[in-house]
A.B. asks: 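Structure in structure tokens, see below.
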Amino acid sequence: MLSDSNISAVLAVKDMEKAKEFYEGKLGLKPDGTDPDGIYYKSGNTQVLVYVSQFAGTNQATSAGWKVDDIEATVAELSEKGVKFEHYDFPGSKREGDVHVLEGVKAAWFKDPDGNILAIDQV
């Protein structure tokens, strides 16, 4: 049923102008439509809806993630744009700069201005 349908992330923010600066300016996403309370951004073959909510940033887990071909280059590019990466203490993992490595998977986490946890990974 749903396995043939695309899925999209939905991210709550408190301040749409700050969110636009982050998602468009730092992450390079392009608007791909609007919603009464938010903006759809194109990302690959999918979309992410960024919308205004009083509950923005309350999720304490990863909200959305991107698969990338070269995580080190992506981390470097985002860092140059002012994105700060999170560091976590996962059992069995090691950290190489801002990139965590665990069982052949490389991942890095960062937050948007509202505290939504976002990830990039490379397998």
Side-chain angles (χ1 to χ4, degrees):
M1 177 161 85
L2 293 179
S3 65
D4 294 328
S5 299
N6 290 332
I7 189 169
S8 62
V10 180
L11 299 170
V13 300
K14 291 180 184 161
D15 184 324
M16 187 57 75
E17 289 308 310
K18 282 185 182 176
K20 284 170 67 174
E21 289 175 20
F22 182 79
Y23 287 97
E24 294 174 29
K26 293 188 187 284
L27 302 188
L29 299 181
K30 304 287 185 219
D32 191 42
T34 59
D35 178 87
D37 296 316
I39 300 171
Y40 286 98
Y41 288 102
K42 181 89 169 135
S43 185
N45 293 322
T46 61
Q47 290 181 320
V48 57
L49 172 62
V50 176
Y51 74 102
V52 176
S53 171
Q54 67 179 353
F55 301 108
T58 58
N59 183 1
Q60 298 300 303
T62 304
S63 297
W66 289 265
K67 300 244 181 259
V68 298
D69 292 327
D70 186 340
I71 195 166
E72 287 84 1
T74 304
V75 166
E77 184 178 340
L78 291 173
S79 293
E80 287 175 11
K81 293 183 177 188
V83 173
K84 303 290 183 212
F85 286 87
E86 302 295 309
H87 298 154
Y88 299 109
D89 213 7
F90 296 123
S93 72
K94 64 179 182 171
R95 194 164 48 85
E96 299 171 356
D98 290 321
V99 177
H100 294 74
V101 181
L102 178 64
E103 297 178 15
V105 176
K106 295 180 177 182
W109 289 266
F110 56 97
K111 293 181 181 178
D112 75 0
D114 289 288
N116 291 307
I117 301 169
L118 306 172
I120 54 176
D121 67 43
Q122 175 186 335
V123 179

A.B. asks: In Å and rounded to the nearest 0.5 Å, what is the CD1 to CD distance from Ile39 to Gln47?
C.D. replies: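 One finds 12.0 Å between CD1 of Ile39 and CD of Gln47.
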A.B. asks: Enumerate, atom names and distances included, each donor-acceptor pair closer than 3.5 Å involving a side-chain atom of residues 103-113, sequence neighbours excluded.
C.D. replies:
from	atom 1	to	atom 2	distance (Å)
Lys106	NZ	Glu72	OE2	2.9
Trp109	NE1	Thr62	OG1	3.1
Asp112	OD1	Asp114	N	2.9
Asp112	OD1	Gly115	N	3.0
Asp112	OD1	Asn116	N	2.9
Asp112	OD1	Asn116	ND2	3.4
Asp112	OD2	Tyr23	OH	2.6
Asp112	OD2	Asn116	ND2	2.8

A.B. asks: Carefully, step by step, assess Leu118 and Leu11 under the rule side chain to side chain contact (heavy atoms under 4.5 Å, CB included).
C.D. replies: CA-CA 10 Å; Leu118 306 172; Leu11 299 170; 3.9 Å; yes
A.B. asks: Determine the minimum heavy-atom distance between Ser53 and Lys14, stating which atoms define it.
C.D. replies: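 Minimum heavy-atom contact is O-CG, 3.9 Å.
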A.B. asks: For the residue pair Met16 and Val52, what are the closest heavy atoms and their distance?
C.D. replies: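 In this case the closest contact between Met16 and Val52 is CE-CG2, 3.9 Å.
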A.B. asks: Do Lys94 side-chain atoms and Val101 backbone N/O form a donor-acceptor pair below 3.5 Å?
C.D. replies: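 Pair absent, no side-chain N/O of Lys94 close to backbone of Val101.
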A.B. asks: Check the surroundings of atom NZ in Lys42: do more than 12 heavy atoms from other residues, nucleotides or ligands lie under 6.0 Å from it?
C.D. replies: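 Yes.
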A.B. asks: Is there a path from Tyr51 to Val48 through hydrophobic residues (I, L, V, M, F, W, Y) whose side chains come within less than 4.5 Å of each other?
C.D. replies: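 No, no single cluster joins them.
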A.B. asks: For Ser79, what residues pass the side-chain contact (heavy atoms from CB on, under 4.5 Å) criterion, not counting sequence neighbours?
C.D. replies: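 Result, side-chain contact (heavy atoms from CB on, under 4.5 Å) vs Ser79: Val75, Phe85, Asp98.
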A.B. asks: Indicate the atoms forming the closest heavy-atom contact of Ala9 with Ala64, along with that distance.
C.D. replies: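 Closest approach of Ala9 to Ala64, heavy atoms only: CB-CB, 3.8 Å.
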A.B. asks: Does Leu49 belong to the same Ile/Leu/Val/Met/Phe/Trp/Tyr cluster as Phe22, with side-chain heavy atoms less than 4.5 Å apart forming each link?
C.D. replies: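 The answer is no; the residues belong to distinct hydrophobic clusters.
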A.B. asks: Test side chain to side chain contact (heavy atoms under 4.5 Å, CB included) on Tyr41 and Glu24 and set out the steps.
C.D. replies: CA-CA 9 Å; Tyr41 288 102; Glu24 294 174 29; 2.7 Å; yes
A.B. asks: I would like to know whether Ile120 and Ile71 meet side chain to side chain contact (heavy atoms under 4.5 Å, CB included); could you show each step before the answer?
C.D. replies: CA-CA 7 Å; Ile120 54 176; Ile71 195 166; 3.9 Å; yes
A.B. asks: Once side-chain contact (heavy atoms from CB on, under 4.5 Å) is applied, do any residues pair with Gln54, and if so which ones, sequence neighbours excluded?
C.D. replies: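 Partners of Gln54 by the side-chain contact (heavy atoms from CB on, under 4.5 Å) criterion come out as none, since no residue qualifies.
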A.B. asks: Keeping the roles fixed (side chain from His100, backbone from Phe90), state whether a donor-acceptor pair exists under 3.5 Å.
C.D. replies: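 Side chain of His100 to backbone of Phe90: no pair is present.
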A.B. asks: Under the side chain to side chain contact (heavy atoms under 4.5 Å, CB included) rule, what do Glu86 and Ile117 come out as? Steps first, then yes or no, please.
C.D. replies: CA-CA 9 Å; Glu86 302 295 309; Ile117 301 169; 5.7 Å; no
A.B. asks: Counting only heavy atoms not in Lys18, do more than 12 fall under 6.0 Å of its NZ?
C.D. replies: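 Not buried by this count: 12 neighbours or fewer within 6.0 Å.
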A.B. asks: Do Val10 and Leu29 share a hydrophobic cluster, counting only Ile, Leu, Val, Met, Phe, Trp and Tyr and linking them when any side-chain heavy atoms are less than 4.5 Å apart?
C.D. replies: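 Different clusters.
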